[in-house]
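Here the structure comes first, spelled out in structure tokens, and everything after it is commentary.
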2 protein chains.
Amino acid sequence: MSEAPIPTRKRIVDAATKLFYAEGIGRVSVDAVAEKAGLTKRTLYYHFKSKDDLIAAYLDGRDQPNIRQMSGWFEAAEGDVERKVEAIFTNLARVAKNPKWKGCGFLRTAAELASMPGHPAVKAGSRHKKNFETWLTGELSGHGVAEPQTLAREIVLLMDGAFSVMLIHRDPGYVEAAGHAAATLVRARSGRKTGS
Amino acid sequence: MSEAPIPTRKRIVDAATKLFYAEGIGRVSVDAVAEKAGLTKRTLYYHFKSKDDLIAAYLDGRDQPNIRQMSGWFEAAEGDVERKVEAIFTNLARVAKNPKWKGCGFLRTAAELASMPGHPAVKAGSRHKKNFETWLTGELSGHGVAEPQTLAREIVLLMDGAFSVMLIHRDPGYVEAAGHAAATLVRARSGRKTGS
DNA sequence: GTATGTATATTCACTAGTCGGTATACTTGA
DNA sequence: TCAAGTATACCGACTAGTGAATATACATAC
């Protein structure tokens with residue numbers, strides 16, 4: 001009763017999530033995922049028709065948890081919308097110090113699949129980023145910011161830039177710099193009605 | 001006399017550059033590079049001690065050409081510094097429409113090597129990004145912008161964000177949005193002496 | 001000028017292992 | 001009895017890297 005038997009499929013996705021995020025999709029074999037999930041490769045291929053499908057499932061499973069984390073930081077922050085936006089970056093800079101942190105799984109996967117634009121995993125990444133942008137637009141709009149759609153996109157660009165640059169320099173100062181830039185952009189659209 | 005025989009090492013790096021950029025470092029075998037260069041793998045290993053070294057050489061070779069392209073766009077643009085900065089993004093959006101365009105090779109390589117932070121290729125990428133940031137700082141400073149160092153870093157973040165997001169959405173609108181955000185940040189630091 | 005020594009540059013053939021994916025058979029629960 | 005799920009064992013293709021031999025160029029010695 002209390003021992004809910006974790007479904008095989010979920011065990012596989014959980015194992016794939018840990019390995020793919022930690023090492024990158026290209027450096028993790030299907031055998032490794034099966035072993036981590038505690039079953040054989042044949043069983044994995046019973047539940048997923050290909051590695052590509054498994055990669056897409058991995059990213060689809062990260063969509064909502066990721067957005068929940070960001071929105072949690074946003075809501076927990078005190079102050080006006082400018083402070084709330086900056087809080088996302090502050091928290092990001094904090095967790096990025098953990099050696100287990102390896103950037104954004106969606107962006108890294110898209111980078112690995114740059115030569116396969118239509119790949120299902122890239123599409124999953126695109127959906128996630130759109131979802132996040134839409135959520136942020138709504139928050140900005142609710143706080144009376146001018147041109148929330150444009151601003152949300154600019155903030156997304158700064159955030160994804162911070163993710164990417166961090167993988168090169170490993171310097172959280174870049175995340176904080178992105179947070180300040182985002183705050184500057186929010187300020188430029190607060191109080192005023194339009195910018196140009 | 002006029003027939004300068006292209007050195008073997010350069011032929012190898014040229015072949016590696018084309019393949020690594022087009023497919024990603026993990027999807028290109030050493031055999032494939034050797035074949036493209038028109039020699040055997042054993043010869044390649046005579047000139048490079050490992051694939052990792054070859055990857056680093058590929059990125060080192062892209063440092064100056066990349067910066068020259070950016071500075072070329074900057075210098076060719078007419079108008080004030082705000083327009084010149086935006087011109088970089090406008091040109092970027094243009095070339096990004098070419099199907100051969102696969103984002104920033106430095107960022108993509110760093111993403112693939114996220115689990116190996118000290119990798120020589122990641123260091124090469126870090127050097128390049130620093131070089132670009134330094135160049136941009138100098139240009140901004142020369143145009144009398146306040147806090148050129150901070151602004152340069154913010155623009156770099158927007159640019160690298162645009163590179164990364166483009167690989168997910170394949171929508172040049174994001175590059176243009178990044179250009180507008182960069183222009184907004186430049187404007188916030190023009191005419192004034194400081195921002196905070 | 002021609003024989004010999006030596007460093008550079010290149011090739012063929014190979015190792016030992018990994019890759020994604022599958023054919024076949026077995027177990028288990030309804 | 002039968003279908004869903006799992007296991008063993010295997011496939012052909014590919015992987016980074018290497019051993020041993022060889023070709024080429026250019027010295028120096030005679």
Side-chain angles (χ1 to χ4, degrees), chain A residues 1 3-59 108-109 112-116 118-122 124, chain B residues 1 3-59 109 112-113 115-116 118-122 124:
Chain A
M1 297 292 177
E3 298 272 335
I6 301 166
T8 304
R9 188 190 156 94
K10 175 165 165 40
R11 276 200 297 148
I12 296 170
V13 173
D14 286 351
T17 298
K18 283 177 192 158
L19 292 175
F20 284 153
Y21 180 74
E23 308 283 341
I25 60 166
R27 305 178 92 85
V28 173
S29 68
V30 177
D31 289 278
V33 175
E35 188 186 344
K36 179 119 187 162
L39 36 80
T40 65
K41 183 162 56 171
R42 194 64 189 85
T43 300
L44 188 153
Y45 272 102
Y46 176 81
H47 292 274
F48 297 90
K49 79 174 226 283
S50 69
K51 184 184 182 181
D52 287 337
D53 265 29
L54 178 58
I55 297 167
Y58 143 58
L59 289 185
R108 277 173 58 210
T109 302
E112 284 200 55
L113 299 173
S115 61
M116 311 170 74
H119 194 289
V122 176
Chain B
M1 296 287 182
E3 298 272 334
I6 300 167
T8 303
R9 188 190 155 95
K10 175 164 165 40
R11 276 200 296 148
I12 297 170
V13 173
D14 286 351
T17 298
K18 282 176 193 160
L19 292 176
F20 285 153
Y21 180 74
E23 308 283 341
I25 59 166
R27 304 179 92 85
V28 173
S29 70
V30 176
D31 290 278
V33 174
E35 188 185 345
K36 180 120 186 161
L39 34 80
T40 65
K41 180 162 60 171
R42 199 67 187 81
T43 300
L44 187 153
Y45 273 102
Y46 175 82
H47 292 275
F48 297 90
K49 79 175 226 283
S50 67
K51 184 183 181 182
D52 287 337
D53 265 29
L54 177 58
I55 296 167
Y58 143 58
L59 288 186
T109 302
E112 284 200 55
L113 299 174
S115 61
M116 311 170 75
H119 193 288
V122 176

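So that the names make sense, note that chain A is the first sequence line, chain B the second, and so on, each numbered from 1.
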Let me spell it out: for each of B:Lys49 and A:Asp31, pick the nucleotide of DNA chain D with the closest heavy atom. Which residue's pick is nearer the 5' end?
A:Asp31
Below 3.5 Å, does any donor atom in the side chain of B:Lys51 face an acceptor in the base of D:dG17, or the other way round?
no
Give, ordered by number, those residues of residues 17-30 of chain B having at least one heavy-atom distance below 4.0 Å to an atom of DNA chain C; if nothing qualifies, reply none.
none
Full working for side-chain contact (heavy atoms from CB on, under 4.5 Å) between B:Leu54 and B:Val30
CA-CA 9 Å; B:Leu54 177 58; B:Val30 176; 5.6 Å; no
Return the nearest nucleotide to the side chain of A:Tyr46; candidates are C:dT24, C:dT10, D:dG5.
D:dG5
About how many Å separate CG of A:Leu44 and CZ of A:Arg9, when rounded to the nearest 0.5 Å?
10.0 Å
Taking only distance into account, with no hydrogens and no angle test, what donor-acceptor pairs under 3.5 Å do side-chain atoms of residues 15-27 of chain B form with protein atoms, sequence neighbours excluded?
residue : atom : partner  : partner atom : Å
B:Thr17 : OG1  : B:Val13  : O            : 2.7
B:Tyr21 : OH   : B:Lys102 : N            : 2.8
B:Tyr21 : OH   : B:Gly103 : N            : 3.3
B:Tyr21 : OH   : B:Gly103 : O            : 2.8

Is A:Tyr58 close to A:Thr109 at the side-chain level, that is, under 4.5 Å between some pair of heavy atoms?
yes
Side-chain N or O of A:Thr8 closer than 4.0 Å to phosphate OP1/OP2 of D:dT6
yes
Nucleotide nearest B:Arg42 when distance is taken to its side chain, options D:dG19, D:dT8, C:dG20:
D:dG19
Return the value, rounded to whole Å, for the distance between atom CG of B:Leu39 and atom C1' of C:dT11.
11 Å
Which value, rounded to the nearest 0.5 Å, describes the distance between A:Lys10 atom NZ and A:His47 atom NE2?
14.0 Å
Under-4.0 Å side-chain N/O to phosphate OP1/OP2 contact, A:His47 with D:dT6:
yes
When you measure from the side-chain N and O atoms of A:Thr43 to the phosphate of D:dG5, is any distance below 4.0 Å, counting only OP1 and OP2?
no
Side-chain atoms of A:Tyr45 come closest, of D:dG17, C:dT22, C:dC12, to C:dT22
Any side-chain heavy-atom pair from A:His119 and A:Asp52 closer than 4.5 angstrom?
yes
Spacing between A:Phe48 atom CZ and C:dG20 atom P, to the nearest angstrom
15 Å
Calculate the interatomic distance between A:Leu44 atom CG and C:dT22 atom P; express it in whole Å.
12 Å
Rounded to the nearest 0.5 Å, what separates atom OG in A:Ser29 from atom CD in A:Glu35?
8.5 Å
